[in-house]
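Computed from a predicted structure; not experimentally measured.
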Amino acid sequence: MTSASGTPASASPVSAAPRDASARLPRVAVVGASGYAGGETLRLLSVHPGVEIATVAAHSSAGKRLSEVAPHIDLGHDPVLTETSVESLSGHDVVVLALPHGQSGQIAAALREKDPDVLVLDLGADHRLESAEDWAEYYRSEHSGTWTYGMPELPLADGTRQRDQIVGAREIAVPGCNATAVSLALAPLVRAGLIDHTQLSAVLPVGYSGAGRSAKQHLMFAEASGSAAPYAVGGSHRHVPEVLQNLRRSSGKDGLRLTFTPVLVPMSRGILAVLNAPVTGSATTADLLAALTADYAHEHFVTVLPEGVFPTTGEVTGANTIRLGAAVDHRSGQATVIAAIDNLVKGTAGAAIQSLNLALGLPEATGLTRTALAP
């Protein structure tokens, strides 16, 4: 983390430990490689020194060469995308599932039954929620169960971090992108009692890649260019129960309430989460920044900005980082926290690889960067 003073704090190691040259690298299969989330995971894994990409799989794109659906990814060869099946995925050490919500549960269960030692990371929502009732309300299908949650930096009410639960795990639910931005930004302030946790508000300008790669009219350039479009208004967004679950686990508090409004804006990547809540007592900007810094002082991929400085999405494009700025409006008594992430990296694929590293016993930052692309 970079502290509020701008001084780099202690950081996790970024390179893998020396490996026995004779040791076999873990073999990875990436499912959904033709989509944005799966493709981004594949891109990051292509330069990961601690794994071997053995199989790339898809559904509608099965049978095509990788270069036909993702020409920007260079694996040193041009594999054919295989069908997604238990047979094609068996025998791998790691399987990454980047499937639409509701489609991971069945294949994951079959894989785990066939090979209990395989590490499965689910980029979809199927295994994120602890409450079957919440799942039924927001997803309208049968709950597939709860896996270890893949948000290493999340501080927990008992004084530990979520990463402690990821080490050695074999079933990991990768967080939602919006949930990552909101949870990491608000958790320290709710934990410290600096804001009213019953009046949380989030407005999130998000890039169009967050809506997936399927061809839909409202995602066409002619529809999106020059226009901002809200969606899932009125508490219907499926990341709402995930955020509330995270904040409960982080703070130990009940009665949390969140108004959550995402807005599609004409950019490919990025989330700029603008979060508001009334302050409690006489909390100041310095108090907010101190709480954020206290929780994230040793986090390699979290930057708390100095007072008066706020993040932009351009500062995190391509990087596995979250940048946080905060202020208190003493006239209105409202706290504002702004979080910026790349929805495809820190919001999805980067979190998956952080969790993969922890589960396999590799340094957490292996294969990931804090450096963004600019312009």
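Annotation: side chain to side chain donor-acceptor pair (under 3.5 Å) contacts involving residues 322-338, sequence neighbours excluded, comprise Asn276-Thr336, Glu315-Arg323, Asp329-Ser332. Listed by first and then second residue, the ring pair (Phe, Tyr, Trp, His ring centres under 6.0 Å) pairs involving residues 246-287 are His237-Phe260 (not counting sequence neighbours). Pairs of residues two or more places apart, or lying in two chains, that qualify as side chain to side chain donor-acceptor pair (under 3.5 Å) and include a residue from residues 38-51 are Glu40-Arg43, Glu40-Arg269, His48-Asn357.
Remark: the Tyr149 side chain and the Glu242 side chain contain an N/O donor-acceptor pair separated by less than 3.5 Å. Counted by atom type alone, Ser131 and Glu133 present one or more donor-acceptor pairs between their side chains at under 3.5 Å.
Checked against side-chain contact (heavy atoms from CB on, under 4.5 Å), Asp196 has the following partners two or more places apart in sequence or in another chain: Thr198, Gln199, Pro278. Legend: residues meeting salt bridge (Lys or Arg N to Asp or Glu O under 4.0 Å) with Arg249, ordered by chain and number and at least two apart, are Glu130. Applying the side chain to side chain donor-acceptor pair (under 3.5 Å) criterion to Ser60, with sequence neighbours excluded, gives no partner residue. Partners of Asp115 by side chain to side chain donor-acceptor pair (under 3.5 Å), not counting sequence neighbours: none found. Judged as a side chain to side chain donor-acceptor pair (under 3.5 Å), and not counting sequence neighbours, the contacts of Thr160 are Asp158. With sequence neighbours excluded, no residue satisfies ring pair (Phe, Tyr, Trp, His ring centres under 6.0 Å) with Tyr138. Checked against side chain to side chain donor-acceptor pair (under 3.5 Å), Thr55 has the following partners two or more places apart in sequence or in another chain: His92. Residues satisfying the side-chain contact (heavy atoms from CB on, under 4.5 Å) criterion with Thr369, sequence neighbours excluded, are Thr371.
At distances below 3.5 Å, at least one donor-acceptor pair connects side-chain atoms of Thr317 with backbone N or O atoms of Thr313. Panel note: side chain Arg248, backbone Leu256; no donor-acceptor pair is recorded below 3.5 Å. Not one N or O on the side chain of Asp295 forms a donor-acceptor pair closer than 3.5 Å with the backbone of Leu292.
A salt bridge links Glu299 with Arg163; the closest basic N to acidic carboxylate O contact falls under 4.0 Å.
The aromatic rings of His143 and Trp135 sit tilted relative to each other, their planes meeting at an angle between 30° and 60°.
Here Val95 is tied into one hydrophobic group with Val31, Val86, Leu89, Leu97, Leu99, Ile107, Leu111, Val118, Val120, Trp147, each link being a pair of ILVMFWY side chains closer than 4.5 Å.
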